[in-house]
Protein chains: 2
Amino acid sequence: MGNAATREHIVDAADQLFYRHGYEHTTFSDIADVVQISRGNFYYHFRSKDEILDAVIKTRLKQTQELLEQWEADAEQPADRIRSFIHMWFANRADIALYGCPVGTLTTELAKLDHTSQRDATALFTLYRSWLRRQFTLLGRGADADALAMHLLAMSQGVAAVANAFRDEDFIAHEVTKMCEWLSSYTDDAERGTPDTDESHNRS
Amino acid sequence: MGNAATREHIVDAADQLFYRHGYEHTTFSDIADVVQISRGNFYYHFRSKDEILDAVIKTRLKQTQELLEQWEADAEQPADRIRSFIHMWFANRADIALYGCPVGTLTTELAKLDHTSQRDATALFTLYRSWLRRQFTLLGRGADADALAMHLLAMSQGVAAVANAFRDEDFIAHEVTKMCEWLSSYTDDAERGTPDTDESHNRS
DNA sequence: GTCTATATCACGATAGAC
DNA sequence: GTCTATCGTGATATAGAC
């Protein structure tokens with residue numbers, strides 16, 4: 001079977017290094033320095049560097065899924081759930097100013113490398129997209145729920161990219177406020193609303 | 001001195017390859033295949049790969065400067081000039097869906113590599129930022145001109161990143177329309193306006 | 001100016017001892 | 001399971017012929 005703890009250490013270290021320095025730029029030596037194992041020992045746990053990337057993406061997918069479920073459990077109002085998404089950018093603004101968005105930068109890099117794991121990385125985006133779409137649908141925005149989800153994804157991605165370029169975490173704080181205001185305009189709409197779905201959203 | 005034409009070929013080919021496959025992933029062999037010269041010949045024109053990157057960024061800076069001056073010469077109304085910026089994303093939507101924004105993806109990559117040319121790449125962003133800020137100032141938005149410029153930069157960067165992730169050029173077309181609508185709300189403001197600057201904007 | 005040949009090195013990956 | 005030693009490859013970069 002193998003030591004699950006060591007494997008987990010490798011994946012965690014690789015996850016951070018891929019985020020901070022990119023997948024291609026990260027070497028086995030870099031990871032070995034963090035995990036404190038020899039380069040040769042990687043191959044007991046993984047057959048190749050690509051397999052480590054696979055494991056990293058799988059871990060991220062699982063963690064993201066759990067995060068989204070948490071947000072859904074923590075708030076009954078879809079607007080509040082979406083605010084959890086927006087607030088995430090504020091909470092992580094220091095890292096984002098230094099390294100960008102983990103999802104966006106990995107996806108962009110794999111696209112340029114024409115890497116086989118490209119689709120798996122995009123699935124991370126799809127997870128957020130579907131979840132946001134569901135929340136907007138619950139807000140009575142069935143017809144344009146996907147467009148709103150995509151728009152919010154784009155806004156947050158853009159904020160991360162520009163904040164990273166200018167190393168400006170205050171810009172993230174500023175734009176998070178604007179995203180919340182943007183969301184409020186749709187929340188208010190829902191109150192006097194024109195729901196596109198038959199399902200009534202409870203207790204709103 | 002050296003053959004200026006060959007040097008220019010190298011820079012042009014490197015520019016495209018850096019955009020499509022990233023700086024680090026692009027090798028001398030890749031460039032040599034396009035330019036049809038031997039690997040060794042590079043070092044007559046450049047001392048290192050980093051120097052090719054320098055030349056590429058310098059070329060991009062010059063071309064961007066010329067583009068911005070062109071937009072300024074082509075339209076008297078600052079709103080129309082900003083529309084030229086927005087329209088650029090629509091015109092290049094096919095490439096953007098495949099490779100992302102040339103400025104954004106290069107900046108992000110160099111940030112992760114902690115590359116010395118990072119600041120030069122950011123200067124590309126600054127060129128757009130200052131130009132947009134100037135146009136918004138002319139629109140009578142002196143107080144928040146920089147915030148509006150940054151916001152528009154972020155929106156366009158986000159659209160490029162998401163369109164690239166989902167390989168969706170139609171999304172770019174859709175969001176370009178929304179950006180124009182967003183701009184119109186500020187144009188209309190300027191008409192009945194509350195200019196923050198003493199300078200009146202001519203013929204509006 | 002452009003070429004071929006080669007130096008040098010770092011990387012991913014393998015083999016086998018313990 | 002982890003190690004050391006090493007292979008093979010491909011990258012940047014150099015040297016010198018033409």
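Throughout, protein chains are lettered first and strands after them, A, B, ... in sequence-line order, and every chain is numbered starting at 1.
The side chain of B/Thr27 lies closest to D/dT12, out of C/dA13, D/dT12, C/dG1. Taking every side-chain heavy atom of A/Ile37 into account, D/dC3 is the closest of C/dA13, D/dC3, C/dT2.
Remark: aromatic rings of B/Phe46 and B/Phe28 are distant, center separation not under 6.0 Å. The aromatic ring centroids of B/Phe85 and B/Tyr128 lie less than 6.0 Å from each other. Between B/His115 and B/Tyr23, the distance separating the two ring centers is shorter than 6.0 angstrom.
Between B/Asn41 and C/dC3 there is a side-chain polar atom (N or O) within less than 4.0 angstrom of OP1 or OP2. For the OP1/OP2 pair of C/dT2 and a distance below 4.0 Å, the side-chain nitrogens and oxygens of B/His45 include at least one atom meeting the criterion. Here B/Thr6 does not reach the OP1 or OP2 of C/dG1: none of its side-chain N or O atoms lies under 4.0 Å away. Close to D/dA13, at under 4.0 Å from its OP1 or OP2, lies a side-chain N or O of B/Tyr43. Taking side-chain N and O atoms only, B/Tyr44 has no distance below 4.0 Å to OP1 or OP2 of C/dT2.
In this structure, the CZ atom of B/Arg39 is 15 Å from the C1' atom of D/dA15, given to the nearest Å. Taking atom CZ of A/Phe42 as the reference point, atom P of D/dT4 lies 13 Å away to the nearest angstrom. One interatomic measurement links the two molecules: CD of A/Glu24 to C1' of C/dG12, which rounds to 13 Å at whole-angstrom precision. Counting to the nearest Å, the P atom of C/dA10 and the NZ atom of A/Lys49 are 16 Å from each other. We find that CG of B/Asn3 is positioned 5 Å from P of C/dT2, with the value rounded to whole Å. Between B/Glu8 atom CD and C/dG1 atom C1' the separation is 17 Å, expressed in whole Å. The distance from atom CZ of B/Phe46 to atom P of C/dT2 is 12 Å, rounded to the nearest whole Å. Following rounding to the nearest Å, A/Phe28 (CZ) and D/dC7 (P) show an atom-to-atom distance of 19 Å.
Across all strands shown, A/Ser38 has heavy atoms under 4.0 Å from base atoms, whether or not it also approaches the sugar-phosphate.
The salt bridge (charged side-chain N to carboxylate O under 4.0 Å, His left out) test with B/Arg60 singles out one residue from B/Asp120, B/Asp15, B/Asp12, and that residue is B/Asp15.
Ring geometry for A/Phe90 versus A/His87: interplanar angle of 30 to 60°, hence tilted.
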